[in-house]
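Heads up, the thing below is written out as structure tokens.
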Amino acid sequence: MALSVFMVAEKPSLASSIAQILSEGRVASRRAALDVHEFEGRFRGQRARFKMTSVIGHVYSIDFTAAFNSWDKVDPAQLYDAPTVKLESNPKAHVCEHLQRESRGCDVLVLWLDCDREGENICFEVMDNVLPSMRRGAPGQQTVFRARFSAITAPEIRAAMANLVAPNEAEAKAVDARQELDLRVGVSFTRFQTRFFQGRYGNLDASVISYGPCQTPTLNFCVERHQIIVAFQPEPFWVVRPRASKAGVALELEWERGRVFDQDVGAMYAALVRESKRLRVVEVGEKEDRRQRPPGLNTVELLKYSSASLGLGPAVAMQIAERLYTAGYLSYPRTESSAYPPNFDITGNIAILRGHPVFGGYASALLQQGVKHPQGGTDVGDHPPITPVRSATENDLGGGDAWRVYDYVVRHFLGSVSPDAVYKKTKAVFEAGGETFTATGCQALRPGFTAIMPWRAAATDTLPPLSPGEQLPLSEVELYQGRTSPPDYLTESDLIGLMEKHGIGTDASIPVHINNICERNYVSIQSGRRVVPTELGITLIRGYQLIDPELCKPQVRAHVEAQLDLIARGKADKEAVVAHTVEQFRAKFLFFVAKVARMDSLFEANFSPLASSGKPLSKCGKCRRYMKYISARPQRLYCNTCEEVLALPQGGSIKLYKSLVCPLDGYELLLFSLSGGSDGKTYPLCPFCFSNPPFEGAMKVGVEGAVGSKAGMPCSTCPHPTCPHSLAAAGVFPCPNPGCAGGTVVLDPVSAPCWRLDCNRCNFLLYLPPNLHSAKVQTKETCEDCGGRLLDLDWRKGQTPPSLAADAEEGSRLEGVCVVCDEEVAKLCEVKHGHAFAARRMGPRGRGRGRGRGRRGRGRGRGRDKNYDPRMSFSDF
């Protein structure tokens with residue numbers, strides 16, 4: 001009987017590539033929630049049936065239990081003790097269900113996750129789903145294996161299969177610890193700061209005032225540089241610059257004193273030099289200088305070069321490198337190592353490039369002269385340096401940024417295994433008026449690695465022939481006046497270097513932290529990829545510096561990272577580290593809350609209070625006075641009388657909705673239009689119900705960063721039984737999109753003249769027939785076939801479609817239409833973002849039934865309204 005071997009990769013593309021390599025192309029693939037590849041082979045000497053699939057990154061994400069997810073009801077201080085739960089990261093992808101189903105009855109599990117700590121953590125997430133459904137092996141028999149690899153190449157994958165190891169639980173626990181700490185610390189500070197400051201100031205231009213144990217020290221580097229620049233006081237200085245030449249070559253002379261800060265002293269030295277009239281050569285020396293080749297390329301160096309020379313942000317550069325890795329062009333791009341391990345096949349990697357139209361000649365020359373294993377660099381034991389593993393031309397990669405990143409990786413690899421560059425440096429010392437000056441020259445003797453990395457070459461500048469004792473006439477002596485200048489703002493490359501130096505983040509997370517401070521509006525990326533802090537970013541860091549400087553200093557996070565490293569190496573207990581660190585940050589949080597007035601005084605000096613922000617929009621249901629609409633991020637309503645802030649959905653525009661009033665609380669309704677061109681959905685909402693949903697279990701629309709909540713309840717999800725704007729009045733049928741759980745398609749009340757139905761959860765939409773004057777939902781009539789609500793459609797005069805004219809009352813009105821089952825009406829509708837619906841609505845029930853069984857109120861679907869639930873599931877869908 002063949003052994004059943006279940007294998008899991010981190011991404012679908014990797015699963016496909018690995019299966020192709022191990023099966024030598026003899027693989028059968030089928031579609032499932034995630035693609036499955038099956039083939040026959042041998043596993044450790046036994047005949048085996050292999051089944052390969054994948055996950056999509058992390059299977060789970062950590063969060064607090066539902067009782068602690070309300071920003072209104074939960075004190076952020078409680079989050080340091082709140083229970084946590086692991087939830088499926090991609091519930092719509094059904095990854096857990098897929099793993100459990102496909103692994104049922106397997107004998108062996110082989111894990112092909114990325115070989116870093118995050119990948120190790122995902123290994124155990126996969127095991128949680130697979131082990132219960134596996135067959136039980138003999139006692140003591142190993143049934144779970146870990147493949148370790150650094151590139152998607154046939155030799156690397158086969159070697160990994162031949163040298164399987166056990167998963168590393170210690171590394172997985174280190175990731176669990178980091179996730180829990182970041183959740184508790186980050187969310188507690190973020191909730192408190194967001195509610196406190198967004199409830200007081202109107203022009204913060206930030207959807208959330210976040211804190212992060214890595215993000216905030218990253219911002220601190222940028223603000224500290226800004227503070228140095230602002231505090232800098234320029235000072236004038238003077239430099240003596242004599243000018244002389246020989247054989248038509250002007251000498252670039254450097255004054256030994258550098259510069260002086262007293263004009264009279266500078267003038268005195270200039271006069272002495274000017275009086276001498278000649279420049280005497282005191283000494284001429286030559287020496288051979290070597291410029292060492294670079295070590296192997298690690299992630300940080302790739303990100304720094306991409307930002308400084310390619311103009312690519314760290315997050316973009318990392319995405320490109322990962323795509324090149326999954327496509328099999330580069331080795332694993334997340335590595336801290338810059339030293340090649342002793343068993344690394346340098347010659348084989350160079351040979352890959354011999355036929356390349358750009359690098360082939362250089363690679364062949366290296367192989368002919370012989371390559372010694374390069375020394376230097378740092379080996380931290382994770383992955384080898386980043387190298388090309390497959391030859392690719394610019395056309396192969398489609399040009400653009402992908403080619404530029406690949407080109408750099410190839411050049412750096414070839415440079416790192418090339419000889420050093422050798423230069424001849426000449427230094428001449430001159431004297432005039434008792435002052436000493438120098439001139440230097442540089443000439444390349446052997447270019448070495450700079451032939452393939454020309455940007456690393458030293459500038460060539462030769463001196464004319466000079467002899468000691470020789471005198472050159474001075475053509476001019478200038479007393480140059482300058483002013484000292486502050487350092488420039490940090491570039492992304494500088495920032496990455498500081499993060500690496502101080503242990504902030506990992507090679508994989510550094511781009512995320514930089515991207516976060518950009519998205520939070522704490523910094524902006526300006527010309528030259530300079531990272532310039534905004535007023536909000538500056539104010540936050542200054543506030544931390546006033547209250548507790550350790551909150552923004554890198555030393556605290558570096559200490560935490562060191563503790564996590566001990567967990568990963570099995571030298572510290574995860575629970576003990578987490579408990580100790582949580583207590584430290586709990587104390588810091590409570591102290592911060594007690595002293596937040598210090599930070600508030602800074603906000604008060606830099607931002608406008610809510611009372612003086614915004615413009616009147618709608619009436620408050622409590623005091624009946626107008627509330628102000630704050631359009632700056634996050635958009636919200638503020639009642640100056642009640643001193644209450646109400647959250648609004650983000651990413652669209654808000655306006656008053658016909659002065660209609662919510663029957664529950666008396667607040668005037670608003671109309672939210674989601675940005676998205678002509679297809680952007682529109683729905684009414686009560687601002688108070690949105691912030692404070694009155695019904696338990698009501699479906700909420702996500703508005704990350706809104707004050708006081710993560711999501712709110714618009715009218716399109718409100719289950720009020722009689723309100724004319726609620727789901728009960730506007731719901732038509734359950735959303736047919738397979739990935740939409742619990743959504744209902746509702747009538748957009750203001751979509752005229754292009755009337756449409758929108759899902760209140762996903763982006764499904766259905767345009768009703770054109771030229772309609774009005775469309776209404778029949779609240780008491782449902783379709784006999786599908787159970788969906790019936791519509792009354794009224795066309796403009798003279799524009800009723802000919803296929804429907806015979807059934808239209810008064811020539812333009814159709815009553816009791818089911819847009820799902822009525823073939824003639826369905827033909828005139830247009831579906832967007834819902835391909836499944838387009839295919840299913842023409843199934844057996846809708847075919848050959850003429851005008852549809854719900855048309856014109858024929859009564860065949862009546863009497864069902866008492867049991868109708870617009871969120872029910874239909875067998876048709």
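Note that the structure is predicted; figures quoted are calculated from it, not measured.
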Could you tell me whether a side-chain N or O of [X] sits under 3.5 Å from a main-chain N or O of [Y], the two making a donor and an acceptor?
X      : Y      : result
Gln650 : Gln635 : yes
Gln78  : Asp75  : yes
Thr682 : Ser673 : no
Thr190 : Tyr211 : yes
Thr194 : Arg191 : no
Ser691 : Phe688 : no
Asn771 : Trp795 : no
Asn640 : Ala611 : no
Asn521 : Ala206 : no
Glu88  : Cys96  : yes

Once ring pair (Phe, Tyr, Trp, His ring centres under 6.0 Å) is applied, what residue pairs with a partner in residues 605-637 remain, sequence neighbours excluded?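 Residue pairs with at least one partner in residues 605-637: Phe603-Phe607.
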
Just wondering, do [Y] and [X] contact through their side chains at under 4.5 Å, heavy atoms?
X      : Y      : result
Thr744 : Leu727 : yes
Phe197 : Leu204 : yes
Phe592 : Met599 : yes
Ile630 : Arg636 : yes
Ile541 : Thr216 : yes
Val532 : Val523 : no
Trp71  : Arg195 : yes
Pro749 : Pro684 : yes

Between [X] and [Y], what is the shortest heavy-atom contact and its length?
X      : Y      : answer
Cys222 : Val531 : SG-CG1, 3.6 Å
Cys783 : Cys821 : SG-SG, 3.7 Å
Phe68  : Pro83  : CE1-CD, 3.5 Å
Phe764 : Cys735 : CB-SG, 4.0 Å
Met713 : Pro694 : CE-CD, 3.4 Å
Val777 : Gly731 : CG1-O, 3.9 Å

For Gln179 and Leu183, run side-chain contact (heavy atoms from CB on, under 4.5 Å): C-alpha distance rounded to whole Å, both residues' side-chain angles, the deciding distance at 0.1 Å, then the answer. CA-CA 6 Å; Gln179 289 177 342; Leu183 176 71; over 6 Å; no

Charged N to carboxylate O below 4.0 Å: is that the case for [X] and [Y]?
X      : Y      : result
Asp600 : Arg598 : no
Arg200 : Glu604 : no
Asp792 : Lys776 : no

Drop me the distance from [X]'s [atom1] to [Y]'s [atom2], to the nearest 0.5 angstrom.
X      : Y      : atom1 : atom2 : answer
Phe672 : Cys715 : CZ    : SG    : 13.5 Å
Leu610 : Gln198 : CG    : CD    : 9.0 Å
Asp63  : Lys86  : CG    : NZ    : 12.5 Å
Leu768 : Leu791 : CG    : CG    : 6.5 Å

Distance-only criterion, 3.5 Å: show the donor-acceptor pairs between side-chain atoms of residues 652-659 and protein atoms not counting sequence neighbours.
none

Near Arg542 CZ, under 6.0 Å, is it more than 12 heavy atoms from other residues, nucleotides or ligands?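 Counting other residues, nucleotides and ligands, CZ of Arg542 stays at 12 neighbours or fewer.
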
Would you find more than 12 non-hydrogen atoms of other residues, nucleotides or ligands less than 6.0 Å from Arg796 atom CZ?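 Atom CZ in Arg796 is crowded, with more than 12 foreign heavy atoms closer than 6.0 Å.
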
Test side-chain contact (heavy atoms from CB on, under 4.5 Å) on Phe64 and Val187 and set out the steps. CA-CA 10 Å; Phe64 297 110; Val187 174; 4.0 Å; yes

Between [X] and [Y]: side-chain donor-acceptor atoms closer than 3.5 Å:
X      : Y      : result
Ser210 : Arg520 : yes
Ser812 : Asp794 : yes
Tyr60  : Asn90  : no

Return the orientation label for the Phe589 and Phe189 ring planes: parallel under 30°, perpendicular over 60°, tilted otherwise.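 Perpendicular, since the angle between the ring planes exceeds 60°.
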
Quick one: do Cys639 and Cys623 satisfy side-chain contact (heavy atoms from CB on, under 4.5 Å)? Show the steps, please. CA-CA 9 Å; Cys639 179; Cys623 66; 3.6 Å; yes

Does the pair Thr84 and Glu180 meet the rule for a side-chain hydrogen bond (donor to acceptor under 3.5 Å, both in side chains), with working shown? CA-CA 8 Å; Thr84 61; Glu180 182 177 346; 5.2 Å; no

Side chains of residues 660-670: which donor-acceptor pairs under 3.5 Å do they make with residues two or more places apart or in other chains?
from	atom 1	to	atom 2	distance (Å)
Asp665	OD1	Tyr667	N	3.1
Glu668	OE1	Lys619	N	2.8

Test side-chain hydrogen bond (donor to acceptor under 3.5 Å, both in side chains) applied to Ser188 and Tyr80, step by step: CA-CA 8 Å; Ser188 61; Tyr80 288 92; 2.7 Å; yes

Applying side-chain contact (heavy atoms from CB on, under 4.5 Å), run through Arg756 and Ser751 and close with a yes or a no. CA-CA 6 Å; Arg756 53 189 265 182; Ser751 55; 3.4 Å; yes

Take Thr782 and Arg789 through the test side-chain hydrogen bond (donor to acceptor under 3.5 Å, both in side chains) and record every step on the way to the result. CA-CA 4 Å; Thr782 59; Arg789 286 249 178 81; over 6 Å; no

